[in-house]
Peer 1: 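Take a look at this one; I'll ask things after.
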Protein chains: 2
Amino acid sequence: MRLTPALIASATLALGDREGEKAMSMRRIAAELGCDPMAVYRHFPNRQALLDAVADLVAEEVPVPDGREPWDRRIETLLSGMRSAALRHPGIAGHIASRPPLGPAGRRLAGAMTAALAEAGLRPADVVRAFQALIAYSAAGLRMAVDAGSEDARRQEVSDALEGMLDGPLPIVGSEGQFAYGLYLLLNGIRLEAATARQGR
Amino acid sequence: MRLTPALIASATLALGDREGEKAMSMRRIAAELGCDPMAVYRHFPNRQALLDAVADLVAEEVPVPDGREPWDRRIETLLSGMRSAALRHPGIAGHIASRPPLGPAGRRLAGAMTAALAEAGLRPADVVRAFQALIAYSAAGLRMAVDAGSEDARRQEVSDALEGMLDGPLPIVGSEGQFAYGLYLLLNGIRLEAATARQGR
DNA sequence: ACCTGAACACCGTTCAAGT
DNA sequence: ACCTGAACACCGTTCAAGT
């Protein structure tokens, strides 16, 4: 069977889904494909480049929202779409959190997002800054979700650290609801900013 | 020289400052201390626990803001203090971004932060959610700063991906200004939320 | 009982040697 | 010219053997 970048990437994704992040080593990937570890290096310069390709494969699964929806609804759809796609592929989710996909699929999503922000009424320079703030926040939320799933001890530690300062139980770290709340704060901030920009026009 | 957890942690921090993240391996740390690699395991159960202790050492450097300052100013001081302390120690900054410090120093900062949020007028449940959103955002900003410093190629890639969608140059990914903008959006969101909570009271 | 270091089970990547 | 796999320079951690 002839190797191609696409074939290597999808085999790596499947391996990660099945056996987790640590299973996606060059040696294990090669074994999965039944080839020499070095054969992979003929298609990708290094492991990171391969994982970037796998991440973009996941970005392909994210639906681009209908352009007739309001801009804030579209941003919510895009970001929670990326988040749930990543969580469907736990092996690569950690990599996605560190390096949001920038291949063809990633750029398609970035385009939809910046379009929505421009439509919100932000100045071009602020579109980029708000874009990066939203990506940064989503990446962090994804990382917390990944860590929370794999490290119960950490969740306990966070809980212990905060419990003393507050009454009531700690909401689950990295949960969907927690993610939505921060996104809501950011979108509120953007709305306020856009209103100010519109007035100054 | 007798080994102690504090001595190991500060030697590890110094090593990371001098030679970067990858130099902080159990073997290199032991060499730095002139002891057997296994000696470290008598004071820390594993490498992650040691790095957590190093991270808390950095949190000790962050000044706690004056309680008479307004709540939003205090949050800015705390988060940018943590950010610049981490960036002064590039070896451990990546670890801090993944696992915000929760040792004694980390808890002190968390306490100051939740107090500021409570004073802003958020409901207790929202204090925790806003706290986590702010931490998540700051961690992501720190990660972007660390990556931007070490990976010019990635910055170029992000720039290429966005340049096509916008006119004008891309603001530096992970820069102080970029970080401040997202924080500003979040604080605006919190102000709006607090105002709503206050009205419902 | 405490401590050591050899050994286990891996890594990503280079590079010389084969075809 | 293309491909392979041995080898390099590492890892974190376990555990048997020594004192």
Side-chain angles (χ1 to χ4, degrees), chain A residues 1-9 11-55 90-96 98-99 146-147 150-154, chain B residues 1-9 11-55 90-96 98-99 146-147 150-154:
Chain A
M1 183 166 46
R2 200 94 178 74
L3 283 186
T4 63
L7 209 135
I8 295 169
T12 304
L13 180 60
L15 181 59
D17 286 354
R18 230 171 45 235
E19 304 193 44
E21 189 159 14
K22 279 165 49 174
M24 298 185 298
S25 72
M26 296 306 261
R27 283 166 164 88
R28 295 284 311 270
I29 293 161
E32 179 88 357
L33 290 158
C35 71
D36 190 274
M38 287 318 298
V40 175
Y41 282 90
R42 276 185 290 127
H43 299 93
F44 295 97
N46 50 46
R47 183 169 179 265
Q48 180 157 269
L50 166 53
L51 294 187
D52 284 348
V54 175
I92 197 68
H95 183 81
I96 292 172
S98 306
R99 296 171 60 87
V146 170
D147 287 355
S150 65
E151 298 180 60
D152 277 351
R154 178 71 177 174
Chain B
M1 184 167 46
R2 200 92 178 73
L3 282 185
T4 63
L7 210 137
I8 295 170
T12 304
L13 180 60
L15 180 60
D17 286 354
R18 230 170 46 235
E19 304 193 43
E21 188 159 12
K22 279 165 50 174
M24 298 185 299
S25 72
M26 296 306 261
R27 282 165 164 89
R28 295 286 308 273
I29 293 161
E32 179 87 356
L33 290 160
C35 72
D36 190 275
M38 286 318 297
V40 176
Y41 282 90
R42 274 185 293 127
H43 299 93
F44 295 97
N46 52 44
R47 183 170 179 265
Q48 181 157 268
L50 167 53
L51 294 186
D52 285 348
V54 175
I92 197 70
H95 183 81
I96 292 172
S98 305
R99 295 170 63 86
V146 171
D147 288 355
S150 66
E151 298 180 60
D152 278 352
R154 176 70 175 178

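Order of the sequence lines sets the chain letters (A, B, ...), proteins ahead of strands, with each chain counted from 1.
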Peer 1: Over how many whole Å does the gap from Tyr41(A) atom OH to dA7(D) atom C1' extend?
Peer 2: 14 Å
Peer 1: How long is the span from the CG atom in Asp52(A) to the NE2 atom in His95(A), to the nearest 0.5 Å?
Peer 2: 4.0 Å
Peer 1: Write down the distance between CD (Glu19(B)) and C1' (dC10(D)), rounded to a whole number of angstrom.
Peer 2: 15 Å
Peer 1: Could you work out the separation of dT14(C) and dG12(D) based on their C1' atoms and round it to a whole Å?
Peer 2: 23 Å
Peer 1: Does any pair with a residue in residues 23-40 of chain B pass salt bridge (charged side-chain N to carboxylate O under 4.0 Å, His left out), and if so which ones, sequence neighbours excluded?
Peer 2: Arg18(B)-Glu32(B), Glu19(B)-Arg28(B)
Peer 1: For the CZ atom of Arg99(A) and the CD atom of Gln48(A), what is their distance to the nearest 0.5 Å?
Peer 2: 3.5 Å
Peer 1: Considering all heavy atoms of both residues, which atom of Met26(B) and which atom of Asn46(B) are nearest to each other, and what is their separation?
Peer 2: CE-C, 4.4 Å
Peer 1: If you measure from CD1 on Ile8(A) to CD1 on Ile29(A), what distance do you get to the nearest 0.5 Å?
Peer 2: 9.0 Å
Peer 1: Determine the interatomic distance between P on dA9(D) and the same-named atom on dA9(C); round to the nearest Å.
Peer 2: 23 Å
Peer 1: Rounded off to whole Å, could you give me the CE-to-P distance for the Met38(A) and dA16(C) pair?
Peer 2: 13 Å
Peer 1: Counting only side-chain heavy atoms from C-beta out, which of dT4(C), dC8(D), dG12(D) sits nearest to Arg27(A)?
Peer 2: dC8(D)
Peer 1: Distance check needed: dG12(C) P versus Phe44(A) CZ, whole Å only.
Peer 2: 15 Å
Peer 1: Leu33(B) versus Leu7(B): any side-chain heavy-atom pair under 4.5 Å?
Peer 2: yes
Peer 1: Counting any heavy atom closer than 4.0 Å, what does Arg42(B) reach on the DNA or RNA strands: base, sugar-phosphate only, or nothing?
Peer 2: sugar-phosphate
Peer 1: What is the separation between atom NE2 on His95(B) and atom P on dG12(D), rounded to the nearest whole Å?
Peer 2: 13 Å
Peer 1: Rounding to an integer number of Å, can you tell me how far Leu3(A) CG sits from dC2(D) C1'?
Peer 2: 14 Å
Peer 1: Take atom CZ of Arg28(A) and atom P of dT13(C), then tell me their distance rounded to the nearest Å.
Peer 2: 17 Å
Peer 1: Could you tell me which non-hydrogen atom of Ile96(B) sits nearest to which non-hydrogen atom of Ala55(B), and how far apart they are?
Peer 2: CG1-CB, 3.7 Å
Peer 1: Just how far, in rounded Å, is P of dT14(D) from CE of Met26(B)?
Peer 2: 10 Å
Peer 1: Out of dG12(D), dG12(C), dT14(C), which has the shortest distance to the side chain of Ser25(A)?
Peer 2: dG12(C)
Peer 1: Among the candidates dT13(C), dT13(D), dC11(C), find the nucleotide nearest to the side-chain atoms of Asn46(A).
Peer 2: dT13(C)
Peer 1: As a check on the pairing definition, encode DNA chain C in dot-bracket form, counting Watson-Crick and G-U wobble pairs whose two distances are under 3.5 Å, and using | for partners outside this strand.
Peer 2: ||.|||||...|||||.||
